[in-house]
Amino acid sequence: MRVGFVGWRGMVGSTLRARMTEQKDWVGLEASFFSTSSPGGPPPQTPGAARQPPPLLPADNLSALSRCEAIVTCQGSAWTRAAHPQLRAAGWKGAWIDAASALRMEPDSTIVLDPINRPLIDAALAAGKRDFVGGNCTVSLLLMGLGGLFRADLVRFLSTMTYQAASGAGAQKMVELVHQMHDLGKIGAKVAASSSALDVAEAVAARMHHSDHPTGSIGYPLAGNLLPWIDAPLEDGRSREEWKGQAESTRILGRTTPVPIDGLAVRVGSLRCHAQAVTIGLTRPADLDEIAQVIQSTSPWTHLVPNTPEATQRQLTPAAVTGTMTVAVGRLRRLHTAPDHIGLLTLGDQLLWGAAEPVRRMLRIWREHTGQ
Ligand code: HSE
């Protein structure tokens, strides 16, 4: 199969290529790589590919793009908005497989998260649909953790309070977070053994507000801090990130009546794992053992962590989960706010199940569908 890759050098694109290599996905592919900045340059490695990829092609070369039977893009919404309508208007019939949000809510698009919505993807393919878009990272990770509860129709409402990593905001901001950590860390080396904890806190706070503290990309201190706003403001006081929770979950689950989902989206100083603390109102009384089983049945990657201090602090953290395919769920317990309320925390790697993996798997599904 002839597949074009666009935006393959950034964090999501690099994660996608690494996963494709691990899973031997290049085998049988004639991959072409497109570039907005360096056409003619050398292509990346594609171990096992049907042929050596040609030098990088210009990302505005519509005729080269239209020779592809699938285009996989991690380039971002601006490129999608520029290229997709032109290709479709020219009658291109290949699969458009996209990590960006631009097309997610279009009537002809399917948001792909196949461990959760494979029947919906199969129905879309059978109906001749050709636009497949990965979901918002927070939403995909929520459903990879808790999809079983929706499948079992146990969720009456869901409130999710997120702790989102810097990677979701982009590579530059993630790197700046580490520069901020380093800048604050220098205070550790300067404080005398006799300094009080209050003196250290004061020195750190002063440094965070210092004009030399690196905030050029994020705009604010994030290390040692948190930023409770993600994405653009909407008129009703929500951020767009908060709006996506219900809007995208409803589409991924293929529901006609949405389950109410809302909560606050917060950026924290972790690198690439998004966590979310969730309150769920149940549709019917269910004991915790049943709920635990339903959660565990969500997917082979969903891992329920026992609600003990040791297991939680060892397994239910960004440090434990980063760079892995595991979506961890833990702190599962009844909340005392109402008899039908439960609480839990779930987290996963924002670049893997949150971005690259649903897109990688969709290319596989398209290949199976077309027999290639
Ligand atoms: N909007 C998400 C974030 C990432 O800012 O973390 C994109 O899916």
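Residue numbers start at 1 and run along the sequence shown. Just follow the structure's listing: the first ligand is 1, and inside any ligand the first atom is 1.
Looking at S66 and S63, their side chains never bring a donor and an acceptor atom within 3.5 Å of each other. Looking at R19 and S14, their side chains never bring a donor and an acceptor atom within 3.5 Å of each other. Judged purely by distance below 3.5 Å, without hydrogens or angles, the side chains of Q276 and Q164 never pair a donor atom with an acceptor atom.
The contact set between ligand 1 and I230, taken as ligand atoms under 4.0 Å from a residue heavy atom, comprises 5 (O).
Taking only nitrogen or oxygen atoms, main chain and side chain alike, H274 reaches within less than 3.5 Å of ligand 1. Close N/O approach between Q350 and ligand 1 is not found [any backbone or side-chain N/O within under 3.5 Å]. For ligand 1, one of its N or O atoms has an N or O atom of C137 under 3.5 Å away.
Given atom 1 (N) of ligand 1, the protein heavy atom at minimum distance is E241 OE1, 2.7 Å.
The closest approach between N136 and ligand 1 falls below 4.0 Å for a heavy atom of the residue. Residue contacts with ligand 1 include R267, since one of its heavy atoms falls under 4.0 Å from the ligand.
Between E30 and R2 there is no salt bridge, since no side-chain N of the basic residue sits under 4.0 Å from a carboxylate O of the acidic one. Ion pairing of R284 with E290 is present here, as a side-chain N (NZ or NE/NH1/NH2) and a carboxylate O approach within less than 4.0 Å.
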Mind running side-chain hydrogen bond (donor to acceptor under 3.5 Å, both in side chains) on N136 and E241 for me, showing each step along the way? CA-CA 8 Å; N136 170 267; E241 185 77 1; 3.1 Å; yes
